[in-house]
Structure formats: structure tokens, C-alpha cells
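Here is the structure we will look at.
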2 protein chains.
Amino acid sequence: MNQVNLKRLAQELNLSIATVSRALQDSYEVSSQTKERVKALAAELNYEPNAYASSLRRNISKTIGVVVPEVNNHFFSLVINGIEEVAHQSGYHVLIYLTHDDYEREVAITQYLTGGRVDGLLMSVASESQKFAHLQKLYVSKPAIVFFDRVCEAIATANVTTNDYESGYLATRHLIEAGCRHIAYLLVSGNLSIGRIRMQGYQAALRDHGLPYDDTLVVSDDGDDERNTARIMDLLRRRPEVDGIFASVEHLAISSYHACHALGRAIPAEVKIIGFSNLGVAALLAPALTTITQPAYEMGKAAAQILLCAIEKKRAISPGQSLVLKSELFARRSTAS
Amino acid sequence: MNQVNLKRLAQELNLSIATVSRALQDSYEVSSQTKERVKALAAELNYEPNAYASSLRRNISKTIGVVVPEVNNHFFSLVINGIEEVAHQSGYHVLIYLTHDDYEREVAITQYLTGGRVDGLLMSVASESQKFAHLQKLYVSKPAIVFFDRVCEAIATANVTTNDYESGYLATRHLIEAGCRHIAYLLVSGNLSIGRIRMQGYQAALRDHGLPYDDTLVVSDDGDDERNTARIMDLLRRRPEVDGIFASVEHLAISSYHACHALGRAIPAEVKIIGFSNLGVAALLAPALTTITQPAYEMGKAAAQILLCAIEKKRAISPGQSLVLKSELFARRSTAS
DNA sequence: TTTATCTACGTAAACGTTTACATAGCTTCG
DNA sequence: CGAAGCTATGTAAACGTTTACGTAGATAAA
């Protein structure tokens, strides 16, 4: 199985390796006849350049890394779709890494990526990552980084996010206008900026409508769906006056449904639920779920575009290139009054 | 920004590059004191080996490719989860490519991958790929391949699938036992083996229960959700006697729900629906969807294990290593009698 | 005609790693 | 004491590509 490489092509064509290489790159230094000959043989022998040799020599990998907590999640899978779309168009390859919201794992992954394996990185930080030393290290090393949704504020680069404060405010107001007076907040993770910011919107809306903020109505994510459901059930039992739930992340909305079903609380009659979600079947749920939906696909595309643009132009990415896209509120049965 | 590589370490330690390289690999040829010195400095300088140089030299990339139609799909995202889990454990990196069920795109992707970029490949073929020349080419080239779910029968390698015939049979029988007499079949894609095999199970169940097979009750996937819904609505209008729908793939089940809602057909009273699906919220739909659920995560793990085992042992993969996992039927309201 | 410029190609070094081979200094054994 | 073997290290080639530099021949300019 004689590998077909430049040397092989050069031998068969009685040319030097250099000329073959240049011909395949359409260099002006090669005559058009030679180019034709080379390309014909390359096609015939099904020549494909060795990506590693090329990357080593040019110090460019044509590869970007995507680091996300999960892929089995509508938001992230849509983002990946967008990223892959842009990457494919520009001839980039996409390496994917899952942190499972685990700090250790995120550290290990970023360590890999300092080795020049990728030209750039798109990242949504793990919810447990309070420490940023590993990200700093990575940032100081080569690859360009763009954060999306779950950003790392300690690093001066571009972020692609959504209008989380506003969305938190609108979601809460939506519940209030639907008649809710005791609204629970289900928090992603206290050390994630999106959790905090959405919560600030929630608090502001309460204040503006003369409702007290009560931190015993805040339930934070446990990382496990079963346990989350149990926590929510616990809250609903302890505080029977709760008539609204704002889930700051999709799986907490789902857990809320399970909790209400288990306790026999009618949605929306007794408890109204709104949640951040990219669930395609939100409208088919029983009852249809009112969602704040982030433009996940567009976020992926935008983040990838910022990154690839910076890579191609060999320019550093500045925080000024950050983008804030708008989420949309889809009012459905789960918050009907 | 002096890159830290073996040469740099060697200079600072007054050693040769070879010794440093060997020390980092825990070679028995290096004294333990030297190893310590080397490792200490490597850690201090945050040395990370250049993946491309290493891959070039060793002709091993420690990278596998995953080619799937979509990632925004519960089945595939769970599979990817499983794959990533196994890959991560074995220190492999995962490149991901989406075909969007597009033949041209699949060809382009397989072309990339002949270049030795990956040591192996996990693949679910695009539904439109009737021609296998590109896969043959890839197969003849280096990387080991394992297909999962949507296999390419023309290639003699291991496949990881589920008991599709049996599942098709059971799903159909489930509808018949629930009282259905005119069961529509929603086909993934005629040239996909899974579409055919599931359909054979459907036909066999009809036959065994004395029901006629009627190919005008078969609707095939159009690739677009809106149009699929329209097709199903069309069928339901044309053939008002249809009292059961068997969707051989998740998004067709969802489209069936939309179609029934649009036409005001009650599920399950007038039309019962069962579908292949890995939708986490199937039980929360209105009404809860009866599903045949494939063990997607396990399939991903199994496929990756077969692949990585073959790569590490440098052994060819034989069709004999193929695995057939069992899907599970979850009976819910959508097929209640 | 001489010189400069251009065209089309070749030579060889480099990218960072791995590894076959060589070797210098020991130890061991007959 | 010499041969053999071991230990710990160095030398250098190789992986396949890209590219700076060199050059032979042709053409153009002076």
C-alpha cells in the first residue's frame, strides 16, 4: 500500500517535489501545462495532502475546537450546527470536547489545546469553573478564543451572548402579568454569569412590580435531573403559595413539569412555568411550555465568524467585537391566566 | 513569544532533544533523576507536545472522526455523548462532521478524511447516499471505519445497529393490539437500510395479523419538517380511515402530532401514534408519545470501543464484530386504547 | 552584444517529534 | 585482564509539506 504523497507524484511526473507542491497550490511559478499534468495525476491517484505535515510546516491547523458542557442539549446542539456550518464553508475542521460541567475535565481539555492543535477555540465554560487559571494559561498560549453564552469575564476577548438581563426581566414580568405573586427562580449555577444576570433581571422585575425578593424561593441546579425534580417538589411542598416558576435553563423547566405532575399541581391553573429553552417540541408539551428562546444557531454562526475572521486575518480578538443577540419570548399555555 | 518545545527544554537542561523526548515518555533508557529534572521543567514551562509533529512522525493522530447527518437530534447527540466518553477515556480527540443528509457533502467530507487526519471513523451514512464509491475509496485508504445505525452494507466492516426488524414488528403489533386497522408507515428514506428493515417488520406484523399491506399508506421523508407535516395531513385527509401512524424516525412522529393537531384529529382516540424516538420529554407531550427508544448512548460507546480497540491493536475490523443492541418500547398515552 | 528581467523549475532547509543506531563509561564474569 | 553486557546519553535520519533561495534558459531592454 504505497502511500500517495508529493514524492510519489514527483517521481511519476519527473518533477521535483517543490514543483508538484506549487502546482497543487496554483502557484504562479508553475506553467499551466505542468499544473494540468500534476492535477490530473493527483486526481487519478486520489492524492490528499497530509494534514499533519502541512500543519506542522505552516503552523496552521485549519481546525477549531468547540468546548461545551453537553451536546445532548438543544441549545448547544443548535450552536454546534451553526459553528459547523461556518467552519465547513471556510474549510475548517471542528474538534469537539464535552466538559459535562466538570471543572477537572475542562482543565484537562484546555491543557490539550495549548499544544497548537487548534487555531482557535469556541467555548462555553463549565458551570463549575470558578477558577480561571487554566483559561488564562490557554489565552496566553496561542489560540484565539471566543466565548458564547457562558462566558469567562476574566478574559479579554469577544463574547457572544444574549440579552439575558432583559430576558430575565421580561420572563418575570410575563409571569407577574399572568397573575403570579410568588415566583420561584431556578438558577443554573451561581458562579455562571448567565445565572447571575438573568437573576438580576428577575429581581428587578419583582422590585418594579412591588413584589419582594425572597431568596428562599431560589433553587439552584444540582447537576442531576432526578435530584433537581426532588428539590423543586420540596420547594412546592414547603411553600404552597408558589404560583410561578422561572427556570433559567431548559432542563430545570422540564424538572418543574415533572415536579408539578408528581404533586398533582395543575399547570398553568395552580403554577405557571416559563423557561429558557430551545426545545423544538415546546409547543407540543402538556401544557405547551412558554419559553425564552435564544437564537442558538445564529449564536454559533456569529461566534464562529468572529473567530475565523480573526484567525484568517491574524488579528487579535478584542472585547469590542462582542455581540449580544436577542432572545425571544414565546407565550404558550403554561403561563396562560 | 518563544515557543516551548523539546529543543528549548533540551537547551535549558543541557541535554539532547532525544533524551528529553524519552524522559517525557518514561522510557526505561533514561535515569530517574534525569526524568525528574525534565518533567519538572516541562511542567514549569507548561510544555505541551506539538500534536502535528508527533502525528506526522508516528503516523498516528489519536483522533477519530464522527460523521453524522445532524447533531440537533436526540439520537445522534446521545451517540456523540457515548463516543466522546470512550474517546476521552482513551485520550482520543473527536472531529465532527455534519452531512445534513446531503450526498455531495458526505463525499467532500470523506475526501478530507483520506488524508490521514483521523485514525478511525464512526459514521452514520447520509440518507441520500445511494452511491458508495466515496466510502469504498475511504475504506481502501487508511482509517478504520465502524458504521452505526445507518450502515453501508457494501462495506465489509463492523456495524452497530439495533434490532430494527423486531422493533418494526413490535411497534406495529402494538398499534394493532391497541385496535388500529389502517396503519400508516412514515419512512425515513427508501435507500437507507434502517428504513427498509423497519418497514419489513411493519409488513410482517400486518401479515401475521391478517391486515393488508397498502403502499399508499406509506409516506416518505421529504427532508423538511413543514413539508412532512403537509404530506401527513394530506394522507389523513385522503384516507380518513387511517387510525394508526408508525413513524420510523423521531421528527416524523413530531410532524404527525402537528398534522393531527392541525386537522383536529384526537390522539389517541382517533389516531394512535408510535415512533422511533430518543426525545427526553416524550412522556411530557400532549399526549405522551409511545416510543421505540434506541440505546443511543450505548451504541455510541460500543461503536467507539470497537473502533478504538481495532486502532490500538492495529487489527482490521471484521463484520463479525458487529453488534445489535435492543431498542425498548415505552407504551404511553398516544397509543392507549 | 551585453545586461537585466522574467519564467519555470530544482535544491535544500525547516517545522517538532520519534527512534534506529552509535557510543562512552560502567559493571560483571570467566 | 579482556570480553561482554548494561546504562544513560547523543547523533542524525525520518515523517510530508512548504518555501526561501538559487539557476538555466528565454526574452526584453539598452
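Lettering follows sequence order; numbering is per chain, from 1. A quick note: this is a predicted structure, and the numbers were derived from the prediction, not measured.
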Between A:Ser31 and C:dC9, does any side-chain N or O lie under 4.0 Å from OP1 or OP2? yes

Expressed in angstrom and rounded to an integer, what is the separation of B:Gln33 atom CD from D:dT9 atom C1'? 13 Å

Would you mind telling me which of C:dA12, C:dT17, D:dG16 lies closest to the side-chain atoms of A:Ala18? C:dA12

Using a cut-off of 4.0 Å on non-hydrogen atoms, how would the nucleic acid contact of A:Ser21 be classed: base, sugar-phosphate, or nothing? base

Minimum-distance nucleotide to A:Thr19 side chain [options: C:dC9, D:dT9, D:dG10]: C:dC9

Given D:dT11, C:dC15, C:dC9, identify the nucleotide with an atom nearest to the side chain of B:Ser16. D:dT11

Regarding D:dG10, can its base be found pairing with the side chain of B:Arg22 as donor and acceptor, where the two atoms are less than 3.5 Å apart? yes

Whole-Å distance, A:Tyr52 OH to D:dA14 C1', equals 19 Å

Once you round it to whole Å, what is the distance between P of D:dT11 and NZ of B:Lys7? 14 Å

Separation of A:Glu29 atom CD from C:dT11 atom P, in whole Å? 15 Å

What I want to check is whether the side chains of A:Ser21 and A:Gln25 have a donor and an acceptor closer together than 3.5 Å. yes

Does either side chain, that of B:Gln111 or that of B:His134, offer a donor lying less than 3.5 Å from an acceptor on the other one? no

When the distance from CG of B:Asn50 to C1' of D:dT17 is rounded to whole Å, what number comes out? 14 Å

By nearest heavy atom, map B:Leu56 and B:Val20 onto DNA chain D; which one lands nearer the 5' end? B:Val20

In whole Å, I'd like the distance from the CZ atom of B:Arg117 to the P atom of D:dC15. 21 Å

Verify, without hydrogens or angle tests, whether B:Thr114 (side chain) and B:Leu138 (backbone) share a donor-acceptor contact under 3.5 angstrom. no

Phosphate oxygens OP1/OP2 of C:dC9: is one of them under 4.0 Å from a side-chain N or O of A:Thr34? yes

Choose from D:dG16, C:dT17, D:dT17 the nucleotide whose nearest atom is closest to any side-chain atom of A:Tyr47. D:dT17

Just checking B:Asn5: base, sugar-phosphate only, or nothing, at a heavy-atom cut-off of under 4.0 Å? sugar-phosphate

Consider only side-chain N and O atoms of B:Glu312 and B:Tyr92, and report whether a donor and an acceptor are under 3.5 Å apart. yes

Between A:Leu6 (CG) and C:dT11 (P), how many Å, whole number? 15 Å

Pairwise 5' ranking along DNA chain C for B:Gln25 and A:Ile17, keeping only the more 5' one: A:Ile17

Taking OP1 and OP2 of D:dT17, is either one under 4.0 Å from a side-chain nitrogen or oxygen of A:Ser55? no

Pair B:Tyr97, A:His88: side-chain N/O donor-acceptor within cut-off below 3.5 Å: no

B:Tyr28 atom OH is separated from D:dT7 atom C1', nearest whole Å, by 10 Å

